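Residue indices begin at 1 and follow the sequence shown. Since the model is a prediction, treat every value here as computed from it, not as a measurement.
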Amino acid sequence: MEVIQSLEESCVVPEDATYIECFIKALKCHHNEVALHIREKFIDGKEMKEEEEFNITSKIVQSLNFELFPKDLSCASAFYNLCQFNFAPIVEVVLKNAVFDVNRKITQKNLSGVSIIQKKIF
């Protein structure tokens, strides 16, 4: 955190002005204190594209960073990634309590979570 604070005090800005790349790198390495700081200070409250939200959720799930897992696992991107990365027990719970369209396609993937499950089964 001292390095991050020093960079902020020196007005060093990353190439990615959205700070999403910095956030993703921190969460992939499980530097959650840094990741949460970046998210709270530079990302929260800003409108993100669906692709950016999907990418962040995907990296959280892939890196098994359970502390930063989405609170709402029934959102389309979280559900898709849970299916994609074989979190079968969690997918089962989400499906039992589903109050959303499990067939909703993720724009950049043109697939739904259910279609991922079907491909893996058959």
Side-chain angles (χ1 to χ4, degrees):
M1 278 308 295
E2 289 177 31
V3 172
I4 300 300
Q5 290 169 344
S6 177
L7 290 169
E8 288 176 1
E9 289 169 4
S10 299
C11 298
V12 175
V13 180
E15 288 181 26
D16 171 27
T18 64
Y19 285 84
I20 291 174
E21 284 183 39
C22 295
F23 176 69
I24 288 173
K25 286 183 184 189
L27 73 84
K28 283 171 58 175
C29 296
H30 293 251
H31 295 301
N32 293 341
E33 184 180 357
V34 173
L36 291 171
H37 174 77
I38 292 169
R39 185 174 69 188
E40 289 169 6
K41 188 161 185 173
F42 301 107
I43 297 174
D44 281 353
K46 294 181 182 172
E47 191 171 321
M48 274 195 283
K49 298 175 187 170
E50 182 180 351
E51 183 178 329
E52 292 169 329
E53 288 181 27
F54 176 84
N55 192 27
I56 288 172
T57 304
S58 177
K59 297 302 180 196
I60 291 170
V61 173
Q62 269 182 307
S63 65
L64 302 174
N65 194 330
F66 297 110
E67 186 177 334
L68 298 178
F69 251 52
K71 302 245 185 294
D72 180 11
L73 297 176
S74 65
C75 74
S77 64
F79 182 72
Y80 177 94
N81 282 296
L82 291 170
C83 295
Q84 178 71 26
F85 299 111
N86 295 319
F87 283 87
I90 299 173
V91 168
E92 188 177 335
V93 170
V94 172
L95 286 172
K96 285 181 182 176
N97 300 303
V99 290
F100 68 102
D101 181 7
V102 294
N103 291 305
R104 179 174 175 252
K105 294 185 189 289
I106 302 295
T107 308
Q108 62 275 21
K109 297 293 183 184
N110 202 24
L111 293 169
S112 68
V114 170
S115 64
I116 293 289
I117 293 170
Q118 291 169 339
K119 284 183 177 188
K120 288 182 186 242
I121 293 174
F122 300 108

At what distance, to the nearest 0.5 angstrom, does SG of Cys83 lie from CD1 of Ile90? 11.0 Å

Separation of Lys59 NZ from Leu68 CG (nearest 0.5 Å): 15.0 Å

To the nearest 0.5 angstrom, please state how far the CE atom of Met1 sits from the CD atom of Glu33. 5.0 Å

pair Met48-Ile43: side-chain heavy atoms closer than 4.5 Å: yes

Start with the C-alpha gap between Tyr80 and Val61, add the side-chain angles, then the distance that decides, and say whether side-chain contact (heavy atoms from CB on, under 4.5 Å) holds. CA-CA 10 Å; Tyr80 177 94; Val61 173; over 6 Å; no

Do Lys46 and Thr18 come within less than 4.5 Å of each other through their side chains, counting heavy atoms only? no

Measure the CD1-CG distance between Ile24 and Asn65 for me, rounded to the nearest 0.5 Å. 12.0 Å

Partners passing salt bridge (charged side-chain N to carboxylate O under 4.0 Å, His left out) against Lys41 (at least two apart in sequence or in another chain): Glu8

One should read off an interatomic distance between His37 NE2 and Cys22 SG, to the nearest 0.5 angstrom, of 11.0 Å

Non-hydrogen side-chain atoms of Ile56 and Arg39 separated by less than 4.5 Å: no

Would you say Leu36 and Glu67 make side-chain contact, with heavy atoms under 4.5 Å? yes

Are Leu95 and Phe79 side-chain neighbours, meaning at least one heavy-atom pair lies under 4.5 Å? yes

Applying side-chain contact (heavy atoms from CB on, under 4.5 Å), run through Phe42 and Ile20 and close with a yes or a no. CA-CA 9 Å; Phe42 301 107; Ile20 291 174; over 6 Å; no

Got a donor-acceptor contact below 3.5 angstrom from the Ser63 side chain to the Ile60 backbone? yes

Is there a side-chain contact between Phe85 and Ser58 in this structure, where contact means two heavy atoms from C-beta onward sitting under 4.5 Å apart? yes

Only one of Asn97, Val93, Val94 passes side chain to side chain contact (heavy atoms under 4.5 Å, CB included) with Leu73, and that residue is Val94

pair Asn81-Phe69: side-chain heavy atoms closer than 4.5 Å: no

Val13 and Val34: same hydrophobic cluster, using ILVMFWY side-chain contacts below 4.5 Å? yes

Value for OG1 (Thr57) from CZ (Phe54), rounded to nearest 0.5 Å, stands at 8.0 Å

Between Val12 and Tyr19 the two heavy atoms that sit nearest each other are O-OH, 4.3 Å

So does Glu51 get a backbone contact from the side chain of Asn55, meaning a donor-acceptor N/O pair under 3.5 Å? no

